[in-house]
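Order of the sequence lines sets the chain letters (A, B, ...), proteins ahead of strands, with each chain counted from 1. Note: hydrogens, waters and symmetry copies are ignored here, and every other heavy atom, side chains too, is used.
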Amino acid sequence: MILQTQNQSLRPLTTAHLAQTMSLMGLTAAELQQKIEAALASNPALEVVEKRSCPICHRPLADAAACPMCSRPPGLETTEPIVYVSSREDFYTPKGTSFSDDHPGIDLAPEVEDLPTYLLRQIAPELSLEDRPIAALILTSLDEDGLLRIPLAEIARFHHVLISRVESVQRLIQRCDPLGAGSTSPQQALLVQVELLAESRPVPSLTARAIQEGMDLLSRHLYFELGRLLGIPTSRAREIAQFISENLNPYPARAHWGDVHASATPSQDTYHIPDIIISHLNERPDGPLVVEVISPLAGQLRVNPLFRESLQQAPSEKTEQWQADLEQASLLVKCIQQRNHTIVRLMQRLVMIQRQFILNGDAYLEPCTRASLADELGVHESTISRAVSAKAVQLPNGRIVPLSKLFDRSLHIRTALRELISQEGKPFTDTQLAEMLHQQGYPIARRTVAKYRAMEGILPAHLRSQRHHLAAQPR
DNA sequence: CTATGGCACGGATT
DNA sequence: AATCCGTGCCATAG
């Protein structure tokens, strides 16, 4: 359902209206869809009318008058984004949901979210129907680290299938984004990561064996012993250890190291179907930005005009009921219009503010608060809060991030921090880093640097050290 | 003694 | 009113 409703339709703001609009605001596209479907089924006064698509670009058209995509001359230079509510039906297969490569440094871990759902989404296409329950059991048995607590045999027994079946499902899961998730041990997780990594980049030889046979030595940093075990010089063993610590993660889902309070997962958020898609007009990198706010329905929701007419001739005993239906229907429609209108305005403004971030990445995130936006738009802050929470947005580069990321107050500083550390020779101490950031115009306390480091999963200075210089060796 | 992580306390945000 | 976030202080590891 779409609308286009700028000016009209903002009339009587009854309390019911307000209340419903607010509750609508916090819903994701999927939840909203359910709600609408329910209303549609129970209320005869509502109907969905087909929406037409633009003959040129095939995008759904909100309004007959103009296609937001094509009505503008291509290549038009503008910083003003085109924002509209879309009812694309194909949004379930967004492009680039996969995180193909991670950068040499540290890649951003996905926001705190429901790991099982996230994984399920990735494997769903390859999963046969019979294997679904198995996958479900595995996924729900993961711990905070993304590891499988219970033995595979348990799962096999529970579903009365061969262990090998379970193993193949597990394999599928392990190859998903938090690489190695679903492994039964940190060791196994590492092995899977090595295996997959080896497909795309060089991996020191014997790494796998080192993990397999010398796990305890590795974790205790006994490189000399490890070298002897594998029949290689200590220096080689050290290289392997270094490679592992730099590229692998024994706890696939553990993104924040210092954060014990990582109560990560109570939320049922499914951040992996976007609620909003930002792209370039006609895929041209120089084109203006287009923001599609995904609508759950493939048509426009409205009050059935026929129903309204027939109200006149309603049998007298029904007329009251019908009247009520009609009112409720128009209330719902109105609320949804209101909701969409607000979201469109919000995105319009937000995309303008965060244009650089959207185009160029994390470092360009402009700090901005929900409150300030609310002020600009003349709506209550809580409205923005609701609108922003539990929604995900797909950026032109294909990444899907929570909408709330656009309100992250420290992301740009954290990015600067990563930058500094990635270019450091000798590891900088937190105090030094704080100092340097200060010079760059980020007045950050030393303690805060430490926290940001933790957020980014960067080790403290003394652990980063043994990266380059290693002189003496225990003999 | 120095570099860090933990706890906890305002102040800002939601 | 409930949370989140940046910080200061203090204990601890190296």
Practice prompt. Send over the distance from I421(A) CD1 to dT4(B) C1', rounded to a whole Å.
Written response: 14 Å
Discussion item. Please pick, from dA3(B), dG6(C), dG5(B), the nucleotide with the shortest atom-to-atom distance to any side-chain atom of A450(A).
Written reply: dG5(B)
Discussion item. Is it the case that dG6(B) (base atoms only) and R447(A) (side chain only) share a donor and an acceptor within less than 3.5 Å, ignoring hydrogens and angles?
Written reply: yes
Worksheet item: Which of these passes side-chain contact (heavy atoms from CB on, under 4.5 Å) with R446(A): D430(A), L437(A), L433(A), T429(A)?
Response: D430(A)
Worksheet item: Any side-chain heavy atom of Q174(A) sitting closer than 4.5 Å to one from S183(A)?
Response: yes
Worksheet item: To the nearest angstrom, how far is L463(A) atom CG from dG5(B) atom C1'?
Response: 12 Å
Worksheet item: Where is the tightest heavy-atom contact between P396(A) and L289(A), given as atom of each residue plus distance?
Response: CG-CD2, 4.2 Å
Discussion item. I need the CG-C1' distance between D430(A) and dA13(C), as an integer number of Å.
Written reply: 15 Å
Worksheet entry | Nearest listed nucleotide, side chain of T429(A), among dG8(C), dA3(B), dG6(C) | dA3(B)
Worksheet item: Does the Q122(A) side chain pair with the main chain of C176(A), one donor and one acceptor, at a distance under 3.5 Å?
Response: no
Worksheet item: Y452(A) side chain N/O closer than 4.0 Å to the phosphate oxygens (OP1, OP2) of dC5(C)?
Response: no
If you restrict it to nitrogen or oxygen atoms, what contacts under 3.5 Å exist between nucleotides 12-14 of chain B and the protein, and what is each distance?
from    : atom 1 : to      : atom 2 : distance (Å)
dT14(B) : OP1    : R370(A) : NH1    : 3.1
dT14(B) : OP2    : R370(A) : N      : 3.4
dT14(B) : OP2    : A371(A) : N      : 3.3
dT14(B) : O3'    : S385(A) : OG     : 3.1

Worksheet item: I413(A) CD1 to dC5(C) P: how many Å, rounded?
Response: 13 Å
Practice prompt. Side-chain contact test, heavy atoms from C-beta onward, threshold under 4.5 Å: evaluate it for H438(A) versus I444(A) and give yes or no.
Written response: no
Practice prompt. Return the value, rounded to whole Å, for the distance between atom CD1 of I458(A) and atom C1' of dA3(B).
Written response: 16 Å
Worksheet entry | dG5(B) phosphate, OP1 or OP2, under 4.0 Å from R453(A) side-chain N/O | yes
Practice prompt. Could you tell me the separation between the NE2 atom of H462(A) and the P atom of dT12(C), rounded to a whole number of Å?
Written response: 17 Å
Worksheet item: Under a 4.5 Å cut-off applied to non-hydrogen side-chain atoms, are L179(A) and L196(A) in contact?
Response: yes
Practice prompt. Quickly work out the D408(A) CG to dC4(C) P distance and round it to whole Å.
Written response: 13 Å
Item to complete: Verify whether one side chain among R414(A) and S410(A) offers a donor that lies under 3.5 Å from an acceptor in the other.
Response: yes
Worksheet item: Does the side chain of S410(A) get closer than 4.0 angstrom to OP1 or OP2 of dC5(C) through an N or O atom?
Response: no
Discussion item. Is it the case that the ring center of Y442(A) lies less than 6.0 angstrom away from the ring center of H412(A)?
Written reply: yes
Practice prompt. Using five pairs at either end of the helix from dC1(B)-dG14(C) to dT14(B)-dA1(C), determine the angle between the two local helix axes and round it to 10 degrees.
Written response: 10°
Discussion item. Side chains of L46(A) and I36(A), heavy atoms from C-beta outward: is any pair under 4.5 Å?
Written reply: no
Worksheet item: Once you round it to whole Å, what is the distance between C1' of dC9(B) and NZ of K451(A)?
Response: 12 Å
